[in-house]
Amino acid sequence: MPALGFGTLIPDATLTITATRDALAAGFRHFDCAERYGNEREVGSALQAGLAAGGIAREDIFVTTKLWNSNHRPERVEPAFEASLDRLGLNYLDLYLIHTPFAFQAGDEQDPRDQNGNVLYDSGVTLLDTWKAMESLVDHGKCRAIGLSDISLDELKPIYESARIKPAVVQVESHPYLPETELLEFCQESGVVFLAFAPLGHGMTPGLLEDPVISGIATRVGKTPAQVLLAWAVQRGTALLTTPRTAARARENFDITALPTAAFDEINRIQTRQRLNPVVKTGVPGFIPKATSA
Ligand SMILES: NC(=O)c1ccc[n+]([C@@H]2O[C@H](COP(=O)([O-])OP(=O)(O)OC[C@H]3O[C@@H](n4cnc5c(N)ncnc54)[C@H](OP(=O)(O)O)[C@@H]3O)[C@@H](O)[C@H]2O)c1
């Protein structure tokens, strides 16, 4: 799996197409999608066009998508997978992730709520039940690897221990304000790829991009704050997902080089701790605007 991944959490359909095309042109070969983002068709069409225009083979790119919370019931897993594959216009996936460990009420409503606005969870299915259905997808040969997202170490360990096919990847929020060191160490000891999302702090300001340690290092090494943050993530042994929306930013985010050890250590000493995305607490995505997430 290429360490530098392009994330497709882009609510606007036209922007999804141009940003995906620009990421491919800039050199990104790893694309992270999700049923929940509502734009698999746009990502798929941009990838088909980009591959054809650039003479790039399907085998040269790595495509991931994710099973949404309302499809955790084992009998819904394969149909959800096939529907994603169809929208993406692909005949296999490199990686399929359980988007969150929370099972919502099964059905086509992605955000099921009661009359008071409370999320309707499904207590009739366990994460292990869903995992076993994910394993069958690998057995059937249309999916090369499976993994989990938005999961804590305590939730990961029992799945890892019981799994017949071990999770290949764990995708979680991670950046210098949320290093998730314990989870990273477990992943490194267990041969699981730790895939960091929001490595730029989701571009929020004030935030990581303006952190004085990061901007000081950027000035010293002649890179941008974004390039420093992405280099730090790769240097500590994680893969990452970033979402540049313009061609210039795609080139910038793809152009990273190793940091001097002193700079790397300085970032490791940052004491600020902040989780930006509350999805791990409820299964409700933090970064997807409601109006456009059908
Ligand atoms: N599993 C999950 O629950 C989950 C949750 C969230 C995300 N993800 C995945 O992870 C991907 C990445 O997450 P993310 O979007 O939070 O990543 P991110 O790269 O930390 O943040 C993206 C934002 O940073 C800004 N940005 C990008 N490049 C920049 C640069 N060079 N300089 C300054 N600002 C820059 C952009 O803002 P502008 O709007 O100004 O362009 C963009 O909206 C998503 O697309 C998705 O695939 C997964």
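Ligands are counted one by one from 1 in listed order, and the atoms in each one are counted from 1 as well.
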S.K.: Going by the order shown, which atoms of ligand 1 are within less than 4.0 Å of some heavy atom of Asp150?
M.R.: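 Going through ligand 1 atom by atom, the ones under 4.0 Å from Asp150 are 1 (N), 2 (C), 3 (O).
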S.K.: Going by heavy atoms, is Met204 under 4.0 Å from ligand 1?
M.R.: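 Not so, Met204 does not reach ligand 1.
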S.K.: Less than 4.5 Å apart, any side-chain heavy atom of His72 and any of Ile98?
M.R.: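 Yes. Closest side-chain heavy atoms under 4.5 Å.
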S.K.: Nearest 0.5 Å please: distance from the CD atom of Gln171 over to the CG atom of Leu240.
M.R.: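 These two atoms lie 11.0 Å from each other.
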S.K.: Within a reach of under 6.0 Å around CG of Asp265, are more than 12 heavy atoms found that belong to other residues, nucleotides or ligands?
M.R.: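 It does: Asp265 CG has more than 12 such atoms within range.
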S.K.: Could you grab the distance from atom SG of Cys33 to atom CG of Leu47, nearest 0.5 Å is fine?
M.R.: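 The CG atom of Leu47 is 6.5 Å from SG of Cys33, to the nearest 0.5 Å.
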S.K.: Show, in sequence, the C-alpha distance, side-chain angles and deciding distance for Glu35 and Ser84, and conclude whether the side chain to side chain donor-acceptor pair (under 3.5 Å) test is met.
M.R.: CA-CA 6 Å; Glu35 173 187 353; Ser84 281; 4.8 Å; no
S.K.: Is the shortest distance from a Lys or Arg side-chain nitrogen in Arg58 or Asp94 to a carboxylate oxygen in the other one below 4.0 Å?
M.R.: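 Yes, Arg58 and Asp94 are salt-bridged.
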S.K.: Would you call Arg251 and Asp22 a salt bridge, taking side-chain N to carboxylate O under 4.0 Å as the test?
M.R.: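 No, this pair does not count.
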S.K.: So, are Lys66 and Asp150 salt-bridged, with charged N and O less than 4.0 Å apart?
M.R.: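 Between Asp150 and Lys66 there is no salt bridge, as every charged N stays at least 4.0 Å from the carboxylate O atoms.
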S.K.: Can you confirm whether Lys166 is buried at NZ, in the sense that more than 12 heavy atoms of other residues, nucleotides or ligands lie under 6.0 Å from that atom?
M.R.: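 Yes - once you tally the heavy atoms of other residues, nucleotides and ligands closer than 6.0 Å, there are more than 12.
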S.K.: Quick one: look up the protein heavy atom nearest atom 27 (C) of ligand 1 and list residue, atom name and how far away it is.
M.R.: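 Of every protein heavy atom, Leu200 CD1, 3.5 Å lies nearest to atom 27 (C) of ligand 1.
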S.K.: What atoms in ligand 1 come closer than 4.0 Å to a heavy atom of Gly203?
M.R.: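 This gives 21 (O), 23 (C), 24 (O), 25 (C) as the contact atoms.
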S.K.: At a non-hydrogen distance cut-off of under 4.0 Å, which region of Gln171 contacts ligand 1 (side chain, backbone, both, or neither)?
M.R.: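 It is the side chain that gets close, since no backbone atom is under 4.0 Å.
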S.K.: Should one rank Phe6, Phe31, Phe197 by closest heavy-atom distance to atom 4 (C) of ligand 1, which comes out on top?
M.R.: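 Of the listed residues, Phe197 has the closest heavy atom.
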S.K.: Do Asp139 and Ser136 have side-chain atoms, one donor and one acceptor, less than 3.5 Å apart?
M.R.: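 Checked: Asp139/Ser136 side chains show no N/O donor-acceptor pair below 3.5 Å.
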S.K.: Under 4.0 Å from a heavy atom of Leu9: which atoms of ligand 1 are those, numbered in the order shown and with their elements?
M.R.: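 Heavy-atom distances to Leu9 below 4.0 Å select 6 (C), 7 (C), 44 (C), 45 (O), 46 (C).
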S.K.: Is there side-chain contact between Leu85 and Asn91, with at least one heavy-atom pair below 4.5 Å?
M.R.: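 No, too far: nothing below the 4.5 Å cut-off.
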S.K.: Checking side-chain contact (heavy atoms from CB on, under 4.5 Å) for the pair Ile61/Arg29: CA distance, chi angles, key distance, verdict?
M.R.: CA-CA 5 Å; Ile61 62 167; Arg29 293 292 179 267; 3.8 Å; yes
S.K.: Give a yes or no on whether the ring-centroid distance for Tyr121 and Phe104 is below 6.0 angstrom.
M.R.: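 Between Phe104 and Tyr121, which both carry aromatic rings, the centre distance is below 6.0 Å.
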S.K.: What is the closest protein heavy atom to atom 21 (O) of ligand 1, and at what distance does it sit?
M.R.: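 Of every protein heavy atom, His202 CA, 3.2 Å lies nearest to atom 21 (O) of ligand 1.
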S.K.: Does Ser149 approach ligand 1 within less than 4.0 angstrom via side chain, backbone, both or neither, non-hydrogen atoms only?
M.R.: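 Side chain only.
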S.K.: What atoms of ligand 1 come within less than 4.0 Å of a heavy atom belonging to Gly201?
M.R.: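 Within the 4.0 Å cut-off of Gly201, ligand 1 contributes 20 (O).
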S.K.: So which of Ile217, Leu259, Thr257, Ile256 actually passes side chain to side chain contact (heavy atoms under 4.5 Å, CB included) with Gln227?
M.R.: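 Going through Ile217, Leu259, Thr257, Ile256 one by one, the side chain to side chain contact (heavy atoms under 4.5 Å, CB included) with Gln227 is satisfied by Ile256 alone.
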S.K.: For atom 19 (O) of ligand 1, find the nearest protein heavy atom and state the residue, atom name and distance (0.1 Å precision).
M.R.: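 Result for atom 19 (O) of ligand 1: Thr242 OG1, 2.8 Å.
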S.K.: Is the contact between Asn253 and ligand 1 made by the side chain, the backbone, both, or neither, using heavy atoms and a 4.0 Å cut-off?
M.R.: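 Answer for Asn253: side chain.
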S.K.: Give the numbers and elements of all ligand 1 atoms closer than 4.0 Å to a heavy atom of Asp32.
M.R.: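 So the atoms of ligand 1 that pass are 9 (C), 46 (C), 47 (O).
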S.K.: As a check for students: among His99, Lys66, Arg249, identify the option with a heavy atom nearest to atom 26 (N) of ligand 1.
M.R.: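 Closest candidate by heavy-atom distance is Arg249.
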S.K.: Heavy-atom contacts under 4.0 Å between Thr246 and ligand 1: side chain, backbone, both, or neither?
M.R.: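 Neither; nothing of Thr246 gets under 4.0 Å from ligand 1.
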S.K.: Number the atoms of ligand 1 from 1 as they appear, then name those within less than 4.0 Å of a heavy atom of Leu241, with their elements.
M.R.: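 In order of number, 9 (C), 10 (O), 11 (C), 12 (C), 17 (O).
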S.K.: Could you tell me which atoms of ligand 1, counted from 1 in the order shown, lie closer than 4.0 angstrom to a heavy atom of Asn277?
M.R.: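 Numbered from 1, ligand 1 contributes 5 (C), 6 (C).
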S.K.: Provide, to 0.1 Å, the distance between atom 42 (C) of ligand 1 and the closest protein heavy atom, together with that atom's residue and name.
M.R.: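 Residue, atom and distance for the closest contact: Thr243 O, 3.5 Å.
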S.K.: Does Pro199 come within less than 4.0 angstrom of ligand 1, counting non-hydrogen atoms of the residue?
M.R.: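 Yes.
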S.K.: Which heavy atom of the protein is the closest neighbour of atom 46 (C) of ligand 1, given with residue, atom name and distance?
M.R.: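 Ranked first by proximity to atom 46 (C) of ligand 1 is Tyr37 OH, 3.4 Å.
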S.K.: Which atoms of ligand 1 sit under 4.0 Å from any heavy atom of Ala226?
M.R.: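 Ligand 1 atoms under the 4.0 Å threshold to Ala226: 30 (C), 31 (N), 32 (N).
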S.K.: Return the closest protein heavy atom for atom 39 (O) of ligand 1 as residue, atom name and distance.
M.R.: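 For atom 39 (O) of ligand 1, the nearest protein heavy atom comes out as Arg245 NE, 3.2 Å.
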S.K.: What is the closest protein heavy atom to atom 17 (O) of ligand 1, and at what distance does it sit?
M.R.: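 Looking only at protein heavy atoms, the one closest to atom 17 (O) of ligand 1 is Ala198 CA, 3.7 Å.
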